[in-house]
Amino acid sequence: MIDSMTWEFVLRIFVAALLGGVIGLEREYRAKEAGFRTHFLVALGSALFMIVSAYGFEGAMHTPEHRWDVSRVAAQVVSGIGFIGAGTIIFHKSENVVRGLTTAAGVWVVAAIGLACGGGMYALATAATVLVLAGLEAFNFFLHKFDKHRGS
């Protein structure tokens, strides 16, 4: 029989995947480098890492000869996502322009949303998701308005 704590962990990864997926859908709609699958997987993986870090070593954590710091895995998620994000950033020398920074930042914040879900902070993760979507859409709205104004 699956206990209530396991169901809570399952809920955490589902919420993380859902929130990451919502951001990924927006990126997919905008035809960006990282879309639904990337954001979905980053959020889900981050939540899972957080859960495993905080609860996966319960038996080993209560021994006097060992000191465990559950925040270390979360810190390594941030570093690992930095590596993935760096892969999305491209400098076009001929155009003297950098592309992919927003995508890299999006993947980075989705990892944070996943970590928050893994920690059971659903309201914080949801608020962050809403703010990410608002920021991405607000930028597109103002850019569209600016282009219309410049064209006339």
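Each residue takes its place number in the sequence, starting with 1. As the structure is a prediction and not an experimental result, all values here were calculated from the model.
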Tell me whether [X] shares a hydrophobic cluster with [Y], the cluster being built from Ile, Leu, Val, Met, Phe, Trp, Tyr side chains joined at under 4.5 Å.
X: Ile81; Y: Leu136; result: yes
X: Val15; Y: Leu131; result: no
X: Val73; Y: Ile84; result: yes
X: Val132; Y: Phe36; result: no

Between atom [atom1] of [X] and atom [atom2] of [Y], what is the distance when rounded to the nearest 0.5 Å?
X: Phe14; Y: Leu19; atom1: CZ; atom2: CG; result: 13.0 Å
X: Glu28; Y: Arg30; atom1: CD; atom2: CZ; result: 13.0 Å
X: Asp3; Y: Thr6; atom1: CG; atom2: OG1; result: 3.5 Å
X: Leu18; Y: Phe40; atom1: CG; atom2: CZ; result: 9.0 Å
X: Arg27; Y: Leu133; atom1: CZ; atom2: CG; result: 10.0 Å

- Taking side chain as C-beta onward, heavy atoms only, is Met50 less than 4.5 Å from Val77?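 Side-chain contact under 4.5 Å: no.
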- Should Ile51 and Ile13 count as side-chain neighbours, where that means a heavy-atom distance under 4.5 Å?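 Of all side-chain heavy-atom pairs linking Ile13 with Ile51, at least one is under 4.5 Å.
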- Message: Counting neighbours of CZ on Arg37 that are heavy atoms of other residues, nucleotides or ligands and sit closer than 6.0 Å, is the number greater than 12?
- Response: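 Open.
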- Task: Report, as yes or no, whether the 6.0 Å neighbourhood of atom CZ on Phe49 holds more than 12 heavy atoms from other residues, nucleotides or ligands.
- Result: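 No, CZ of Phe49 has 12 or fewer neighbouring heavy atoms, counting only those of other groups under 6.0 Å.
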- Item | Exam field: side chain Ser46 to backbone Ala43, donor-acceptor pair closer than 3.5 Å |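 Checking the backbone N and O of Ala43 against the side chain of Ser46, no donor-acceptor pair under 3.5 Å is found.
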- Which pairs with one or both residues in residues 75-84 pass side-chain hydrogen bond (donor to acceptor under 3.5 Å, both in side chains), sequence neighbours excluded?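 Non-adjacent pairs meeting side-chain hydrogen bond (donor to acceptor under 3.5 Å, both in side chains): zero.
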- Using the side-chain hydrogen bond (donor to acceptor under 3.5 Å, both in side chains) rule, collect all pairs that involve residues 110-133, keeping only residues at least two apart or in two chains.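 Only Glu8-Tyr122 qualify under side-chain hydrogen bond (donor to acceptor under 3.5 Å, both in side chains).
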List, one per line, each side-chain donor-acceptor pair under 3.5 Å for residues 96-119, sequence neighbours excluded.
residue	atom	partner	partner atom	Å
Arg99	NH2	Glu95	OE1	2.9
Thr103	OG1	Glu33	OE1	3.0

- Message: If you compare all heavy atoms of Tyr55 against all heavy atoms of Met5, which two are closest, and at what distance to 0.1 Å?
- Response: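 Result for this residue pair: CE2-CE, 3.7 Å.
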